[in-house]
Amino acid sequence: MVVQEALRNLLRQKGRTALTVTGIVIGIFALTVMGALAEKFNQMIANGERYFTHQISVYAAHVNGAPLGSNFFPAEKVEEIKRVPGVDEVAPEVLMLMEEETRRLTLGIPPLIHGTDLAAVARTRRGNQLVLREGRMPRPGERGWVVVGADLAFERKAQVGEVLRLRGRSFRVVGVADKTMTGPDRMAFVALEDAQALLAESQPYLRLLKEQAEAVRAIPDFWVVLLPPAIRRQLQAVSHLPVQGLATAASVGWKPGEDPEEVARRIRKAVSGVEVYSPAEMRRSLRQATLLFNLLILGSATIALVVGALAVINTMTMAVLERTREIGLKRALGARTADVLREYLLEAGLIGFLGGLAGVGSGVAFVSALNRWMAERGAVLFAATPRLELLGVVLATGLGVAAGVYPALRAARLDCVQALREE
Amino acid sequence: MEAEDLRKEYRRSPAQVVHALNGVTLSVAEGSMVAIVGPSGSGKSTLLHLLGCLDRPTAGRIRLLGEDPSRLPPGSLSDFRNRNLGFIFQQHYLIPTLTAWENVALPLRYARVGPAAARRRARDLLAEVGLAERLNHRPGELSGGQQQRVAIARALACDPPLILADEPTGELDSTTTGQVMILLRRLNRESGRTFLIVTHNPEVARACDRCVILRDGRVVGEEGLVTAAGAASPDP
C-alpha cells in the first residue's frame, strides 16, 4: 500500500515527475554507455594481461638504428636461458614487421608477424593462451595457418577460412583473436617455421643465401657428380639454409613454485644481450591504460549524481510544499517522524529507481545497437555487464533516496498544527 | 479528560504576543459528547489541538485517559495519538490519491497493523457509516457527506476512546449535517466513546450532552448557565 501510494503520488504531477525521471535517465544512460565502454576496455586489458603476464618475455636487445625484426635472438641464448635456475620452458619466437615498409602512417604498434609454437607457448603459460573471438587454435605440427589479431582482422577484412597474404605467402586464417587493446591486436600469429622462412626471406643477406641455396638445388645432379669432391661438398653445404635456429624473442615459463619476478631477475643477470620483461612489469604498463577509462566512468557517474540529485531535490521539495496539510494530517493520525521520513524517502527512491531502470534499459539498448553495427565492422566496443546494469539501478535508487533526505526531513519536521492550517 | 488552567501563547514578533488560551479549565466525563462553541478567535481550535496532543500548552496541565501527554517524548506522543485519539476535521482532509478504504486504513498503517487486517477493519468501518459500496472510490468520486463519513470511519480506525472533531459539519448542508450528527450520536451511544466537538452550529451543539462556551481564550459558561445568545452566537 505504501509503495502504491508513493507511485500514485508521483503521478499527481505527471509532467514534473517525467522531467525529473528524464534527468536521471540521461545521467544513468551516460553512465551505462561510458561504463559499458570501460567494462569492455577492462575486459580487453584483462585478456591482454592474461596473454602477457603468464610468461616472461625476452627480446633480443635493440640495436640502435636497426628495424624491428632485424635483431636476432641468438640460438645459444635460448640454451643459456634454459640453464637459468627456475626456468621451465623456453619457446623461441619470431617477431617481424608485416610489411617491408609501412605504407601509411599508423598510430601505435605497426602490424607484426608473430611466429610461435603456440603449443610450446601454451606450456610456458600453463595453458593461458590468446583468447579467440572465432575459429580455432592451430593443431600441433600444422603449417600454413594464421591466427589474426582483432584490429588486423578488421583492417584486412580477414575471416576464418579465408586466405591472408603475408609478405607474399598465403596463409589460411584458422582463428581471429579477441581484442586485447595491446600488441596482439595488430599481430598475425603463424607457425614458428613459417615465420622463420619469412624472416629469412626478409633479410637481405639471408635472402642472398636462400637464393644461392635454391640456385644450387637447381643444378642438375649429373652435372654435380662431374665436379671435384671439394666443390661438391661446398655445394651441398650451401644447398640448404637452416632457418630453424632463427628467432627474435623467446617466451619463458617458470617452474612450479618459482617466483617469476625472481626468475626474470636471474635471466637478466645471467644472460647478456637480451631485454627481459617480467609479468609484473607487463601488468604495470597495461594497468596504467585502464586508469583513464575508470576515471571516465567515475566522471560520468558524478554527472549522473549531480544532475539527478538536483532534479530529485527540486521535485521532492515541491511535493512537500504541496502536501504540507497531508503531512500534518498523517502526523495527527499517529505517523511518527520516521514514518513521514520513510514515505518521502521511498517516493524519492522510487523516482531514482524508475530513472535508473529506464536509464540502464535505454543505455543497454543503445550499446547493443552500436555493438551490432560495430560487429559488422570488426570491433565490439561495449560490454554492458550485469554488474554495470545493477550498479546503474542501485546508484540511481541510492541517489534518489540521498537526494530525498533534505525534503523528507523538511516534511518530517513540519509543525503538525501549522501544517494542518496550510491551504 | 481534564484540562487545568490551560494557556497558549503565540509570539508573532518580540513585541506582539497573542494569548490564544487564557487559563481554560475543563473536565469531560468518559462517554459524553461535549460541544465547544464560541466566536472566531475564541480559542476553540487551539483548545482542540492541545487536547489532541497536536500542540503543547504554554502553561497548564492536561490529563488524558489517566496520562499527562506533555510528559511523553515526541515519538510516544504519536503512538499515544494513534491509539487513543480520533480526529475529524472540517474539510475532511482525505488524501486524494487513496481510496476510501485506504484513507480509513491510514491510522492502522501507523499502528503497524498488517494490510489484510487493515483492509478488513476499514471495510467494516465503512459499512458501519453506510459506505460499504464505496470502498474503492477516491475522495473526488464521493459527495461531501460521504467524504465526511469516510473521515469519521478513519477516526474510528484504531478504536480510540476519544474523538475530537473540528467543525465536522462546517462544509455540509443541513440535511447532511443532520445525518452526520445522527451517526456521531449513534457511535457515541453504542460504543461509549467520548466526543469533543468544536462547532459554530447551534443544532450540533444542541445534539451534544453538554456545551462549553469559549470567548477570548476563556470558558465563559456552559449550556443552561449562560444566555442563549452567548451559546449560539455564530461567527460573523
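Chain identifiers are assigned alphabetically (A, B, ...) following the order of the sequence lines, protein sequences preceding nucleic acid strands; residue numbering begins at 1 within each chain. Computed from heavy atoms alone, side chains included, the values below leave out hydrogens, waters and symmetry copies.
- Between chain A and the options Ile95(B), Leu94(B), Asp55(B), heavy-atom pairs under 4.5 Å are most frequent for Ile95(B).
- Residues Ser78(B) and Ala335(A) come closest through the heavy atom pair OG-O, 3.5 Å.
- Contact detail for Tyr110(B) and Asp339(A): the closest heavy-atom pair is CD2-OD2, 3.6 Å.
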Decide yes or no on side-chain contact (heavy atoms from CB on, under 4.5 Å) for Glu5(A) and Leu98(B), but give the supporting numbers first. CA-CA 7 Å; Glu5(A) 187 188 342; Leu98(B) 300 182; 3.5 Å; yes
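- In plain terms, the two heavy atoms of Phe89(B) and Ala332(A) that are nearest each other are CZ-CB, 4.2 Å.
- In this structure, Gln16(B) places its CD atom where more than 12 heavy-atom neighbours from other residues, nucleotides or ligands lie under 6.0 Å away.
- Around atom CD of Glu30(B), no more than 12 heavy atoms belonging to other residues, nucleotides or ligands sit under 6.0 Å away.
- Among all heavy-atom pairs drawn from Leu420(A) and Tyr93(B), the shortest one is O-OH, 2.9 Å.
- Summarising the local packing, CZ of Arg283(A) is surrounded by more than 12 heavy atoms from other residues, nucleotides or ligands at distances under 6.0 Å.
- Residue Glu141(B) places its CD atom among more than 12 non-hydrogen atoms of other residues, nucleotides or ligands, all under 6.0 Å distant.
- Rounded to the nearest 0.5 angstrom, Leu333(A) CG and Arg154(B) CZ are separated by 5.0 Å.
- With values rounded to the nearest 0.5 angstrom, Asn9(A) atom CG is found 4.5 Å from Thr97(B) atom OG1.
- The residue among Pro96(B), Ala157(B), Gly86(B) with the most heavy atom pairs within less than 4.5 Å of chain A is Pro96(B).
- Proximity to chain A (any heavy atom under 4.5 Å) is shown, for Pro107(B), by both the backbone and the side chain.
- Of the listed residues (Arg336(A), Gln4(A), Arg323(A)), the one with the most heavy-atom contacts under 4.5 Å to chain B is Arg336(A).
- Within residues 403-417 of chain A, the residues having any heavy atom under 4.5 Å from a heavy atom of chain B are, by residue number, Cys416(A), Val417(A).
- Enclosure of atom CZ in Arg112(B) by more than 12 non-hydrogen atoms of other residues, nucleotides or ligands within 6.0 angstrom is indicated.
- Residue with the most contacts toward chain B among Arg8(A), Lys330(A), Arg12(A): Arg8(A) (heavy-atom pairs, distance under 4.5 Å).
- Summarising the local packing, CG of Asp159(B) is surrounded by more than 12 heavy atoms from other residues, nucleotides or ligands at distances under 6.0 Å.
- With a threshold of 4.5 angstrom between heavy atoms, Arg109(B) approaches chain A through side-chain atoms but not through N, CA, C or O.
- Heavy atoms of Glu343(A) lying under 4.5 Å from chain B belong exclusively to its side chain.
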